[in-house]
Amino acid sequence: MMAKYILRPTCIFGKYVQNNSPVMLSLILYPQHSSNQIRYIRKHWNPKFKKERKEKVIKVDLPNFYETDKELLKEKRRSMLKQYGVFPQKQWMERPIFISCTPNVFESYVPPEGDGKFSTITKEGAKQKMTDVKMKGKSMMAIRKIKSFQDTFVLKDFPQEALDIYIKAHEALAAKDTEALREYVTENAYAKMLHNTMDKTIRWKYVQSLEPHRVVHARCNEILSKENVFGQLTLRIHSQQILAVYDRFGRLLKGSEILKKDVLEYIVFENHLANQYGKWRLHAKIIPTWMPPREVGEKTYIVQPENVTVPPSDLSTKSTDTKSTDNVETIVN
């Protein structure tokens, strides 16, 4: 380009002024092109994309943070949300709810009267077997539904698995290991098992099984939605156990650590089938109406003999001190 100008005999620098443009010195041809004005000036931006550059900038209406009138501010906020199609925020906080267990037993199993006392050879034992056969209809449907959620579930292997859960739960209760107890019992049974166990010492042992354990009842139910399914299995446990309960002073309240007792129980185990990580846990215990009432724990207390007069000051001090046994007698009701 420069060679073309150098070959010309006359070459000068001219000055041109454009609108909104600085003074430019350019090499021109003289006199042929002395009046030729430059129409395009190279700038740092291209005028072609003027519209695009305008769209890059968004005007934002900033709120006035110095307004003191709260009602006026609420109205402005409401109108602004309505303008942009945004729903107003709720005034409360919603927390997610997780249902890990049910509060009760589905269609509780009704044990036949005198169960555990009659042999299958006798007339009463045969009637009990017939009653169990009639109640198996819904139970088989529930077991089929449990298998649809758990492919590895085997009904024949469940009694032994449930017995292990039963033993570990009671051993954790006797040791007062609340962390281990939560793994083997549901939240519904957790509060019931720990009720009235404070300041007490529990000695419990599972000796042996008197009859093979079996599943006598099975139910499935839906909570809140069809996908949230819970399954319950009732296990009949007839065994020998040892139980002794001591109070905070080391006095025996109930049972014995030497004597074995025959115990017939109907334990309900529950599993959150919809939960991928759900497992069988001890949920409840069914107590039939025909079962004899439990033994009430014997309580001991200290009284003053009638023939001894004690000053009021000494009486007040001795009533607070439970270890003081001077001039008193221990009466067992």
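For the single chain, residues carry numbers from 1 onward in sequence order.
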**Item:** Pair Glu222 + Lys145, salt bridge at N-O below 4.0 Å
**Value:** yes

**Message:** Closer than 3.5 angstrom, by distance alone: can the side chain of His238 be matched with the main-chain N or O of Asp262 as a donor-acceptor pair?
**Reply:** no

**Item:** CA sep, side-chain torsions, deciding dist, call: Lys168, Glu183, salt bridge (Lys or Arg N to Asp or Glu O under 4.0 Å)
**Value:** CA-CA 10 Å; Lys168 290 179 181 178; Glu183 297 182 6; over 6 Å; no

Does [X] share a hydrophobic cluster with [Y], counting links as ILVMFWY side-chain heavy atoms below 4.5 Å and allowing steps through other members?
{"X": "Leu173", "Y": "Ile242", "answer": "no"}
{"X": "Leu194", "Y": "Tyr184", "answer": "yes"}
{"X": "Val263", "Y": "Val245", "answer": "no"}
{"X": "Val216", "Y": "Leu264", "answer": "yes"}
{"X": "Tyr206", "Y": "Met193", "answer": "yes"}

**Request:** Evaluate whether atom CZ of Arg78 has more than 12 neighbouring non-hydrogen atoms of other residues, nucleotides or ligands under 6.0 angstrom away.
**Result:** no

**Prompt:** Gln232 and Tyr109: side-chain donor and acceptor closer than 3.5 Å?
**Reply:** no

Are [X] and [Y] packed together at the side-chain level, in the sense that at least one heavy-atom pair is separated by less than 4.5 angstrom?
{"X": "Glu107", "Y": "Lys138", "answer": "yes"}
{"X": "Ile146", "Y": "Leu233", "answer": "yes"}
{"X": "Val185", "Y": "Lys192", "answer": "no"}
{"X": "Lys285", "Y": "Ile267", "answer": "yes"}

**Asked** How many angstroms lie between CG in Leu243 and NZ in Lys260, if you round to the nearest 0.5 Å?
**Response** 15.0 Å

**Message:** If I take atom CZ from residue Arg203 and atom OG from residue Ser256, how far apart are they, to the nearest 0.5 angstrom?
**Reply:** 13.0 Å

**Item:** Closest contact, heavy atoms only, Ser100 versus Arg281
**Value:** O-NH2, 3.6 Å

**Request:** Looking only at non-hydrogen atoms, find the nearest pair between Gly278 and Gln150 and report the distance.
**Result:** O-NE2, 4.3 Å

**Message:** Which label fits Phe153 and Trp280: parallel for a plane angle under 30°, tilted from 30 to 60°, or perpendicular past 60°?
**Reply:** tilted

**Request:** Kindly write out the residues that satisfy ring-ring contact (aromatic ring centres under 6.0 Å, His included) with Phe230, not counting sequence neighbours, or none if the list is empty.
**Result:** His272

